[in-house]
Structure formats: C-alpha cells, structure tokens
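Side chains included, hydrogens not; waters and symmetry mates left out as well; all remaining heavy atoms used. Remember, it's a predicted structure, so these values are computed and weren't measured experimentally.
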Amino acid sequence: MKRTTLKEWQEEARARFGDDYREWRFQCPACGHKQFIRDFEDIGINPNSAFQECIGRHMGKGAAVKGDSSGCNWAAYGLFGTLGKGRLIIMEDGEEVEVFAFAGKEGEENGRKDVQETE
C-alpha cells in the first residue's frame with residue numbers, strides 16, 4: 001500500500017482533479033463505486049467522509065455485492081481497512097490514516113473496471 005504525506009496526497013489530488021476539492025474523486029475498495037467529494041456535500045454528509053466511507057453507507061446500502069458497484073457500507077477505518085487497495089496518509093503529527101484510492105488510474109489498479117460512475 002502506498003504511503004504518502006498529507007501534503008503530497010493533497011498535491012496529487014490537485015494535479016489529478018484540479019483545485020476545487022469538491023471534484024476530487026475516490027474509489028471504494030470493496031464495491032468499486034467512484035465518488036466525488038461533492039456527492040457527499042450534496043446529501044448533507046461531511047465531505048471528509050468521501051475518502052474513507054463508501055457513499056452507500058449513507059444511503060442504506062449493505063455489504064458489497066459482486067457485480068454491483070452502486071455503493072456499499074464499507075469504511076476505511078473498519079477492521080479490514082481498504083483491503084490493501086488504498087493509501088496510508090501520514091498526518092503532520094505522524095499518525096497514519098488509511099484512505100480510499102483516488103478514482104481513475106489508481107482506482108483501476110484495484111482490478112475493478114465494471115464500476116458505475118457517479119455524475
């Protein structure tokens with residue numbers, strides 16, 4: 001799993017998606033759902049949840065189902081983290097936080113190409 005500092009992670013997100021953090025995009029390691037930070041804001045959920053929780057968690061979805069990438073209840077801070085498919089972000093105080101992979105090329109490395117895109 002890739003380890004990076006918070007600053008490097010933020011710089012990479014800006015390079016991939018632009019300066020508007022609402023357009024930053026992440027992929028759930030369990031179901032493959034791709035989500036924007038704005039998707040969380042649009043339904044009144046803390047935008048910081050977008051890189052650690054699948055949006056399905058806030059829409060009544062249950063466990064990931066093979067072939068269904070519409071969302072599930074996965075969280076990066078759970079027992080199995082990101083299933084080895086995410087990132088470890090090193091915070092300024094040295095704490096390491098596990099987060100979902102960026103959607104796009106990094107997310108495709110997770111082996112899922114049959115994902116439903118959130119627009």
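Hydrophobic cluster membership is shared by M59 and I45, with clusters built from Ile, Leu, Val, Met, Phe, Trp and Tyr side chains linked at under 4.5 angstrom. One hydrophobic cluster holds both F51 and M91 under the rule that ILVMFWY side chains link at heavy-atom gaps under 4.5 Å. Placement of L6 and F26 within a single hydrophobic cluster is found when ILVMFWY residues are connected by side-chain heavy-atom separations under 4.5 Å, directly or transitively.
Nearest approach of A76 to T82, heavy atoms of both residues: CB-CG2, 3.7 Å. Considering every non-hydrogen atom in both F100 and E53, the closest pair reads CE1-C, 3.5 Å. Here the closest heavy-atom approach between residue A30 and residue L83 is recorded as CA-CD1, 4.1 Å. Closest approach of C54 and H33 over heavy atoms only: SG-CB, 4.1 Å. Minimum heavy-atom separation, W24 to G18: NE1-O, 2.9 Å. Among all heavy-atom pairs drawn from F17 and E23, the shortest one is CB-O, 3.6 Å.
Residues N46 and F40 have side chains not in contact (no heavy-atom distance under 4.5 Å, counting atoms from C-beta outward). In this structure, K61 and D68 have side chains that are in contact, with non-hydrogen atoms separated by less than 4.5 Å. Side-chain contact between D42 and F36 is absent, with no heavy-atom pair separated by less than 4.5 Å.
Salt bridge R3/E96: present, at least one basic N to carboxylate O contact under 4.0 Å. Here R87 pairs with E12 in a salt bridge; the nearest charged N to carboxylate O distance falls below 4.0 Å.
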message = The test is side-chain contact (heavy atoms from CB on, under 4.5 Å); show your working for Q52 and V97 and say whether it passes.
response = CA-CA 9 Å; Q52 284 196 302; V97 177; 3.3 Å; yes
ask   = Can I90 and T4 be said to form a side-chain contact (heavy atoms from CB on, under 4.5 Å), step by step?
value = CA-CA 6 Å; I90 304 164; T4 186; over 6 Å; no
request  = Might you work through the side-chain contact (heavy atoms from CB on, under 4.5 Å) test for C31 and S70, ending with a clear yes or no?
outcome  = CA-CA 8 Å; C31 74; S70 65; over 6 Å; no
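Remark: D39 CG to R22 CZ distance equals 9.0 Å, nearest 0.5 Å. If you take SG on C28 and CD1 on I55, they are separated by 11.0 Å, rounding to the nearest 0.5 Å.
Not counting sequence neighbours, R14 has no partner by the side chain to side chain donor-acceptor pair (under 3.5 Å) test. In terms of the salt bridge (Lys or Arg N to Asp or Glu O under 4.0 Å) criterion, D20 has no residue partners (sequence neighbours excluded).
Between W9 and F102, the ring planes lie parallel to each other; the angle is under 30°, not in the 30° to 60° tilted range.
When hydrophobic residues (I, L, V, M, F, W, Y) are linked wherever their side-chain heavy atoms come within less than 4.5 Å, the members clustered with L88 are M1.
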